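Here's the structure we're looking at; comments come further down.
Order of the sequence lines fixes the chain letters, A, B, ..., with proteins taken first and strands second; residue numbering starts at 1 for each chain. This one's a predicted model, so the numbers in the text were calculated from it and none came from an experiment.
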Protein chains: 2
Amino acid sequence: MRNTLADVVSAALRVLDENGLEGCSMRRVAAELDVQPSALYHHVPNKQSLLALMADVIVDGVGERDAGVPDEDGGGHSGMALARNACLAMRSAMLAVRDGADVVATAAAFRLGASAVEQRLAEWVGADGARTLLFYTFGQAQSTQTHRHAASLGALIGPESGRAGQRSGTNGAPSDPVLELDASFERGLDIILTGLESEHRATGAPTNGILH
Amino acid sequence: MRNTLADVVSAALRVLDENGLEGCSMRRVAAELDVQPSALYHHVPNKQSLLALMADVIVDGVGERDAGVPDEDGGGHSGMALARNACLAMRSAMLAVRDGADVVATAAAFRLGASAVEQRLAEWVGADGARTLLFYTFGQAQSTQTHRHAASLGALIGPESGRAGQRSGTNGAPSDPVLELDASFERGLDIILTGLESEHRATGAPTNGILH
DNA sequence: ACCTGAACACCGTTCAAGT
DNA sequence: ACCTGAACACCGTTCAAGT
């Protein structure tokens with residue numbers, strides 16, 4: 001027995017992190033395992049399934065308990081606070097590997113409603129709230145990662161590529177778009193959570209609008 | 001003069017709509033124009049720029065005035081209502097062409113803050129609100145389109161693929177995931193708009209938290 | 001069960017050369 | 001300005017055959 005499925009998946013994640021999604025070809029994953037490309041098809045039916053397995057590993061454990069984000073106050077967590085932490089953990093997990101957000105978002109779209117994170121979120125903020133939070137988190141992470149990539153390319157050309165006045169400090173907004181994206185994530189999250197809170201208050205019922 | 005840039009872009013959009021993003025190769029676009037693949041590189045530096053131009057055409061006009069969504073009441077529109085309409089129009093525009101959401105979302109990530117729709121949205125609901133709405137709209141549309149694609153594949157296998165009890169009607173939720181996705185979009189939108197409204201009320205200032 | 005070797009039908013992009 | 005022809009360095013996937 002030369003390689004197991006887990007070997008293939010972790011090799012693929014290594015290739016992804018080093019070469020990005022575009023450079024993550026079946027042929028390169030095979031090379032990482034010192035194996036012919038066709039050997040991969042013994043473990044996996046096609047590239048898409050491999051990407052789905054990779055997505056599972058990337059978000060593994062997020063939302064199980066509030067992983068990755070420590071308690072801020074010792075008290076009991078409200079559903080909102082739990083959901084907030086889960087989204088922060090989710091974003092961190094996706095950003096931890098190159099193009100992780102793309103991989104996870106694409107895979108998540110396929111089994112909408114069936115993912116572990118979404119179901120946990122739904123318990124806390126209802127089905128609509130869970131989806132809204134997830135879509136926002138995916139989109140924000142994808143955008144952050146796109147800009148990181150662009151920034152790393154720009155760094156090769158030159159640190160200051162022609163932008164006339166580098167405004168910062170006076171208006172309080174960071175000029176670097178990726179820092180701005182990091183900072184704005186929580187603000188957007190809070191907008192959604194605020195909306196869920198007043199919806200909750202208005203109905204008097206749990207945050208799920210359909211069943212009681 | 002055989003072909004103009006506009007010819008190339010609209011040929012590419014035709015190929016996209018018929019073959020999807022994966023089937024939208026430079027070689028197929030060239031074939032659509034009865035031209036060699038290399039001829040495209042006279043009009044466009046690479047495939048990515050072509051996709052960006054396609055994205056511009058797909059969302060063209062959205063947010064300029066509240067295009068695509070009619071007035072519901074004759075009265076003046078609040079910023080919230082304008083933003084709501086812009087998001088609905090945006091989603092419709094993306095869903096109108098196969099894999100349109102993917103194409104637009106990827107292109108939009110590159111020039112975050114610079115797109116016409118985002119700037120109009122920012123006037124109405126502030127910079128953070130605009131981003132939150134856009135990320136949600138992109139993610140929701142991508143997911144909808146993924147499920148439509150999956151459904152069209154499933155339809156080839158069989159209309160009723162093994163799900164035991166087709167629950168619907170009693171609990172009010174459609175069992176078809178793509179219908180559910182269509183219906184839930186506005187609910188998520190309203191969650192975000194509600195959050196923006198109470199943020200607005202709380203600060204007393206316009207919805208942009210940074211500059212008044 | 002796990003892998004090789006060879007093939008098939010594709011890709012994006014470059015570049016000299018034509019008109 | 002717009003295009004051809006040919007090439008380069010790749011893809012994902014299949015399949016008979018080996019051990």
Can you tell me the distance, in whole Å, between the [atom1] atom of [X] and the [atom2] atom of [N]?
X	N	atom1	atom2	answer
A:Leu5	C:dC3	CG	C1'	16 Å
A:Asp34	C:dG5	CG	P	13 Å
B:Leu40	D:dC3	CG	C1'	11 Å
A:Gln48	D:dG12	CD	P	13 Å
A:Asp7	C:dC3	CG	C1'	14 Å
A:Glu22	C:dG12	CD	P	10 Å
A:Leu21	D:dC11	CG	C1'	14 Å
B:Met26	D:dC11	CE	P	19 Å

Task: Of B:Ala39 and B:Lys47, the one whose closest DNA chain C nucleotide lies more 5' - done: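 It is B:Lys47 whose nearest nucleotide is closer to the 5' end.
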
Residue [X], side-chain heavy atoms: nucleotide from [options] that is nearest:
X	options	result
B:Tyr41	C:dG12, D:dC2, D:dG12	C:dG12
A:Gln36	C:dC11, D:dG12, C:dG5	C:dG5
B:Arg2	C:dT13, D:dG12, D:dC2	D:dC2
B:Val35	C:dT4, D:dT4, D:dG12	D:dT4
B:His42	C:dG12, C:dA1, D:dC3	D:dC3

[N], OP1 or OP2 - any side-chain N/O from [X] closer than 4.0 Å?
X	N	value
B:Asn46	C:dG12	no
A:His43	C:dA1	no
B:Ser38	D:dT4	no

Open item on the list: When you measure from the side chain of B:Glu32 to the backbone of B:Ala11, do you find a donor-acceptor pair of N or O atoms at a distance under 3.5 Å?
Closed with: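 Here the side-chain-to-backbone pair does not exist.
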
TODO: Would you confirm whether the ring centroid of A:Tyr136 sits within less than 6.0 angstrom of the ring centroid of A:Phe185?
DONE: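 Centroid separation for A:Phe185 and A:Tyr136: below 6.0 Å.
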
Taking NZ, NE, NH1 and NH2 as the nitrogens, is one of them in [X] or [Y] under 4.0 Å from a carboxylate oxygen of the other?
X	Y	answer
A:Arg187	B:Asp128	yes
A:Glu18	A:Arg98	no
A:Glu118	A:Arg111	no

Task: Who pairs with C:dA1 - Watson-Crick or G-U, where each distance is under 3.5 Å - done: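 Partner of C:dA1: D:dT19.
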
Open item on the list: Under a 3.5 Å cut-off for both contacts, is D:dC8 paired Watson-Crick or G-U wobble with anything, and if yes, with which nucleotide?
Closed with: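 Matched D:dC8 with C:dG12 under the 3.5 Å cut-off.
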
Task: Separation between the P atoms of C:dA9 and D:dC10, rounded to whole Å - done: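 22 Å, rounded to whole Å.
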
